[in-house]
Amino acid sequence: MNDTAKKRVYPRAFTERQLDKVGVDLINEYDRILRCQNCYRTWIFGILPGGKFPRGYWKCPDGCHDE
């Protein structure tokens, strides 16, 4: 990776600490309620078959985390 390349950051675990690193607050772990630290929008995401989280579940629906 060269100096101008941007390293992608994403949470490796569904924890307050990991989500905080990407600018997201974990409001309610059991209902999967997240809040963007930039625009304060909240959202809920569904679980995929097999109990997996959808890709980009932590990204703000308003695009605050788009690269």
Side-chain angles (χ1 to χ4, degrees):
M1 179 166 61
N2 62 32
D3 293 333
T4 59
K6 194 174 193 181
K7 184 177 179 183
R8 292 182 182 230
V9 178
Y10 57 92
R12 296 190 179 270
F14 186 63
T15 64
E16 286 184 46
R17 185 176 182 179
Q18 287 290 307
L19 290 167
D20 186 54
K21 290 180 181 180
V22 294
V24 175
D25 293 323
L26 177 59
I27 301 301
N28 184 307
E29 177 179 358
Y30 300 104
D31 292 328
R32 299 174 314 277
I33 301 173
L34 303 176
R35 181 177 61 208
C36 178
Q37 293 175 359
N38 184 49
C39 70
Y40 303 106
R41 177 167 179 182
T42 59
W43 69 95
I44 299 171
F45 64 92
I47 301 292
L48 299 175
K52 294 185 178 186
F53 291 177
R55 178 175 276 181
Y57 73 90
W58 53 271
K59 290 184 177 183
C60 177
D62 287 341
C64 295
H65 300 100
D66 290 342
E67 297 178 324

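None of these values were measured; they are calculated from a predicted model.
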Is any side-chain heavy atom of Leu19 closer than 4.5 Å to a side-chain heavy atom of Tyr57?
yes

For the SG atom of Cys60 and the OH atom of Tyr40, what is their distance to the nearest 0.5 Å?
12.0 Å

Can you say whether the rings of Phe53 and Phe14 are parallel (under 30°), tilted (30 to 60°) or perpendicular (over 60°)?
perpendicular

The single option from Ile33, Val24, Asp62 that satisfies side-chain contact (heavy atoms from CB on, under 4.5 Å) with Trp43 is Val24

Validation row: Asp20, Gln37 side chains within 4.5 angstrom (heavy atoms)
yes

For the backbone of Phe45 and the side chain of Arg32, can you confirm whether one donor and one acceptor N or O come within less than 3.5 Å of each other?
yes

Is there a side-chain contact between Glu16 and Asp25 (heavy atoms, below 4.5 Å)?
no

Is the shortest side-chain heavy-atom distance between Lys21 and Pro11 below 4.5 Å?
no

What verdict does the side-chain contact (heavy atoms from CB on, under 4.5 Å) test give for Thr42 and Leu34, after you've listed the backbone C-alpha separation in whole Å, the side-chain angles of each residue and the deciding distance to 0.1 Å?
CA-CA 5 Å; Thr42 59; Leu34 303 176; over 6 Å; no

